[in-house]
Trainee: 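Submitted below is the structure of interest, expressed as structure tokens.
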Protein chains: 2
Amino acid sequence: MSNPASTNIVMMNRDRHESPASCHACSRVGRCPAAGRPESLGQTDQPMQKLVKSGKLVIEAEAKFEGIYVVRAGFFKSYTVDTDGSMQVTGFHLPGEFFGMDGIEDGVHKEYVQALDTGSICRLPLEVFCSLNGAAGHEWSTQMTRSLLKLMSSTIRRDRDMFFTLGKTTAKGRLLTFLSDLSRRMGLSGYDPSEFRLCMSRTDIANHLCLALETVSRLFTQLQAEGVLEISGRALRILEPLDATPRKLAAIPDVSARRAVAEPKTA
Amino acid sequence: MSNPASTNIVMMNRDRHESPASCHACSRVGRCPAAGRPESLGQTDQPMQKLVKSGKLVIEAEAKFEGIYVVRAGFFKSYTVDTDGSMQVTGFHLPGEFFGMDGIEDGVHKEYVQALDTGSICRLPLEVFCSLNGAAGHEWSTQMTRSLLKLMSSTIRRDRDMFFTLGKTTAKGRLLTFLSDLSRRMGLSGYDPSEFRLCMSRTDIANHLCLALETVSRLFTQLQAEGVLEISGRALRILEPLDATPRKLAAIPDVSARRAVAEPKTA
DNA sequence: CGTCGCCTTGATGGATCTCAATAATAGTGG
DNA sequence: CCACTATTATTGAGATCCATCAAGGCGACG
């Protein structure tokens, strides 16, 4: 996975440990929005790959936005820190997945992204999504932009799915939904979806699901007793399809919009 | 707010009640990403405004994506429906805010968006964010695309803030955070942030915050007893700055990344 | 004036957070 | 290579918050 040979071509180390990405040698090229870009880009415009050691921060809050990232290898977590110092794990990122899109808005990141183990990432400056277009300067190519938009749209969608996970289920349901989603994504990343190693600690899982870590630990034990899964440390084997039984909460009656309620006098 | 005069110019009613938007007369033009677009767009490419009656669905799940929407007047809620029929209110939309970005990914919406009272919206086809560029067809103008990207980036960011609201606090903290955010946004929309009318039912609030509606009702009563706010029906007056006292949950120890942990043997 | 939707209030039980102690694992250094 | 230490994970007991069930009030509307 680590390919020191290609990192020999270190440009006048403009950024620590970054080197131009070799897309043609990347196994993720099929799913990468940067693939298929014109090769004629300037040096500040091309994808840059970087090796990251376990525990290292890839993005810090307040840091300047310099592009979105795609995971080539390894696992990452992103989290925000509130003014009072409390943290919230907002997501995990598997090989082939993206992060860093929160910084586009105002050019400054709000989330931290940290490597959960040693891996490598590819930084895609927004200019990667442009194509050089005559003398008029950079124009956004329709196809590139669309893929970027889709990327962000899918992120929005996934985040909203998380509302379901966080809200509509019991602690057990939350964990099952989380594991089910993780399993699916592990499969997409090329792992065996029914048997893999959890890349994050119980603490991270608990924080992400807004549970106490003891609850997570107990649930693992319980699910193992029920024969749903086997877990030893972080090694996980899924034995039965994970299906969360939701808790019903403040159901919205009926929404067929058949009944357009008369306008309240809120002007 | 409703301006029937302008709706007289109904084009051969290609869509129910839609008419070309008159941006120059729109009070939101300063914050709208469609503002400043070339006027030379074709008829299918321009913003379309629409009056919406209370209770009406603006977007249905499975519906084809036809653009993102900006609220001109009124209030809206969006929600998803799970396979088992359970619902989750994913957000509320105030005047000047946007919705519908979940449909960009695959051209199909996943959320429902419903009018909470009578209002009006503006539909912005993605083509609005293009500029006609010679014979090559539609090219995305850098500025337009950037504003769209920022829009989506801010949506991602706000959604992630919601994780905080949902997770790190008690029921009371959740409600306070929600009200605080709502107050701020009401201010941005031109209302008095310390005294406004809740546009949604207790049921919607409870669902959005993943609480029982009785809990929400009790909390309002309690907060009023504490002198934090006054509430009568949906009329709300905020007396003290709303500050949520978080419940500490699976705190992440220290993250200064000062200590780059040695690489585990997960290859 | 009766119905319906929305909101409030009370009583109760259960899920899960907290505190606390122990066990297992991984990293460190001799 | 082994002991030492720090981190991470498990398990237990008690307390508490909040969902649930149930009843009633209030306002809107026909």
Side-chain angles (χ1 to χ4, degrees), chain A residues 53-55 86 116-118 166-175 197-207 209-225 231-236 244-255 259-266, chain B residues 54-55 86 116-117 166-175 197-207 209-225 231-236 244-255 259-266:
Chain A
K53 291 233 180 73
S54 176
S86 63
L116 292 168
D117 58 2
T118 297
L166 282 181
K168 300 217 89 164
T169 55
T170 62
K172 190 172 177 178
R174 274 187 228 176
L175 184 59
R197 186 179 162 78
L198 292 173
C199 52
M200 71 295 279
S201 68
R202 304 282 195 274
T203 302
D204 284 341
I205 296 174
N207 185 289
L209 299 178
C210 304
L211 298 171
L213 77 91
E214 296 95 326
T215 304
V216 172
S217 183
R218 267 184 262 268
L219 284 171
F220 272 129
T221 307
Q222 183 188 340
L223 289 170
Q224 182 163 256
I231 185 142
S232 165
R234 294 190 181 182
L236 175 69
T245 339
R247 171 204 300 178
K248 67 162 180 276
L249 255 177
I252 303 171
D254 190 352
V255 219
R259 163 195 61 96
V261 179
E263 175 181 11
K265 59 190 50 149
T266 49
Chain B
S54 176
S86 64
L116 292 169
D117 58 1
L166 282 181
K168 299 217 88 166
T169 55
T170 61
K172 189 172 178 178
R174 274 187 227 176
L175 184 59
R197 189 179 160 77
L198 292 172
C199 53
M200 71 295 280
S201 69
R202 303 283 194 274
T203 302
D204 284 342
I205 296 174
N207 184 289
L209 299 178
C210 304
L211 299 171
L213 77 90
E214 295 96 327
T215 303
V216 173
S217 182
R218 265 184 264 267
L219 284 171
F220 272 129
T221 307
Q222 183 188 341
L223 289 170
Q224 182 163 269
I231 186 142
S232 168
R234 294 191 180 180
L236 175 69
T245 337
R247 171 204 301 179
K248 66 162 181 276
L249 254 177
I252 302 169
D254 190 352
V255 219
R259 162 197 59 97
V261 180
E263 174 182 12
K265 58 190 52 147
T266 49

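Letters A, B, ... are given to chains in the order of the sequence lines, protein chains preceding strands, and every chain is numbered from 1.
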Trainee: Any heavy-atom pair between the side chains of A/I205 and A/L175 that's under 4.5 Å?
Mentor: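 Counting from C-beta outward, A/L175 and A/I205 do come under 4.5 Å.
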Trainee: Kindly indicate whether the side chain of B/C210, heavy atoms from C-beta on, has any atom under 4.5 Å from the side chain of B/L166.
Mentor: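 A side-chain contact exists here, since the closest heavy-atom pair is under 4.5 Å.
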Trainee: In Å, rounded to the nearest 0.5 Å, how long is the span from CD of A/Q224 to CG of A/L219?
Mentor: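 It is 12.5 Å, given to the nearest 0.5 Å.
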Trainee: Under the rule for side chain to side chain contact (heavy atoms under 4.5 Å, CB included), what residues qualify as partners of A/S217, not counting sequence neighbours?
Mentor: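 None.
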Trainee: Calculate the interatomic distance between B/Q222 atom CD and C/dT9 atom P; express it in whole Å.
Mentor: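 One finds 12 Å between P of C/dT9 and CD of B/Q222, rounded.
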Trainee: Are any of A/T203's side-chain N or O atoms less than 4.0 Å away from OP1 or OP2 of D/dT8?
Mentor: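 False: A/T203 side-chain N/O out of range (4.0 Å or more) of D/dT8 OP1/OP2.
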Trainee: So which protein N/O to nucleotides 21-25 of chain C N/O distances come out below 3.5 Å?
Mentor:
none

Trainee: Select base, sugar-phosphate, or nothing to describe what A/S217 touches, counting heavy atoms under 4.0 Å on all strands.
Mentor: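 Touches a base.
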Trainee: Does A/T221 make a side-chain N or O approach to OP1 or OP2 of D/dT11 shorter than 4.0 Å?
Mentor: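 Yes, A/T221 has a side-chain N/O under 4.0 Å of OP1/OP2 on D/dT11.
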Trainee: Find the bend of the helix from C/dC1-D/dG30 to C/dG30-D/dC1 as the angle between its two terminal axes (five pairs each), to the nearest 10°.
Mentor: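 Inter-axis angle at the ends, rounded: 40°.
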Trainee: Calculate, to the nearest 0.5 Å, the distance between atoms CG and CG belonging to B/D204 and B/L116 respectively.
Mentor: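 It is 6.5 Å, given to the nearest 0.5 Å.
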Trainee: What about B/R218, does its side chain sit under 3.5 Å from the base of C/dG10 through a donor-acceptor pair?
Mentor: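 Yes.
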Trainee: Given atom CD1 of A/I231 and atom P of D/dT10, what is their separation to the nearest angstrom?
Mentor: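 Rounding to the nearest Å, CD1 of A/I231 and P of D/dT10 are 7 Å apart.
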Trainee: With the side chain of B/E214 defined as its heavy atoms from C-beta on, choose the nearest nucleotide among D/dA9, D/dC18, D/dT20.
Mentor: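 Shortest atom-to-atom distance from the side chain points to D/dT20.
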Trainee: Any side-chain N or O of B/T215 less than 4.0 Å from the OP1 or OP2 oxygen of D/dA19?
Mentor: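 So the side-chain polar atoms of B/T215 do come within 4.0 Å of the phosphate oxygens OP1 or OP2 of D/dA19, strictly under.
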Trainee: Taking only residues two or more places apart in sequence or in another chain, which ones pass side chain to side chain donor-acceptor pair (under 3.5 Å) with A/Q222?
Mentor: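 With neighbours one apart ignored, the set is A/E226.
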Trainee: B/L211 has an atom CG; how far is it from atom P of D/dT20, in whole Å?
Mentor: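 Between P of D/dT20 and CG of B/L211: 11 Å.
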Trainee: Which one, C/dT16, C/dC7, D/dA19, comes nearest to the side chain of B/R234?
Mentor: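 Between C/dT16, C/dC7, D/dA19, the one nearest the side chain of B/R234 would be C/dC7.
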Trainee: Expressed as a whole number of angstroms, how long is the span from B/L175:CG to D/dC18:C1'?
Mentor: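 After rounding, the reported distance stands at 14 Å.
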Trainee: So, taking the atom named CG in B/L211 and the one named CZ in B/R202, what distance separates them when rounded to the nearest 0.5 Å?
Mentor: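 The distance works out to 13.0 Å.
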Trainee: Would you indicate whether the side-chain heavy atoms of A/S201 and A/R234 approach each other to under 4.5 Å?
Mentor: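 Side-chain contact under 4.5 Å: yes.
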Trainee: How long is the line joining CG of A/L219 and C1' of D/dT11, in whole Å?
Mentor: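 Taking atom C1' of D/dT11 as the reference, CG of A/L219 is at 13 Å.
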Trainee: Rounded to whole Å, how long is the line connecting atom CD of A/Q224 with atom P of D/dA9?
Mentor: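 Whole-Å distance recorded here is 15 Å.
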Trainee: In this structure, how many angstroms lie between the P atom of D/dT11 and the CG atom of A/L213, rounded?
Mentor: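 Roughly 13 Å, once rounded to whole Å.
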Trainee: Taking the side chain as every heavy atom from C-beta outward, state whether A/L209 and A/T215 have any atom pair closer than 4.5 Å.
Mentor: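 Contact flag for A/L209/A/T215 side chains = no.
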Trainee: Whole angstroms only, please: what is the NZ-C1' distance between B/K172 and D/dC18?
Mentor: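 Taking NZ of B/K172 and C1' of D/dC18, I get 14 Å after rounding.
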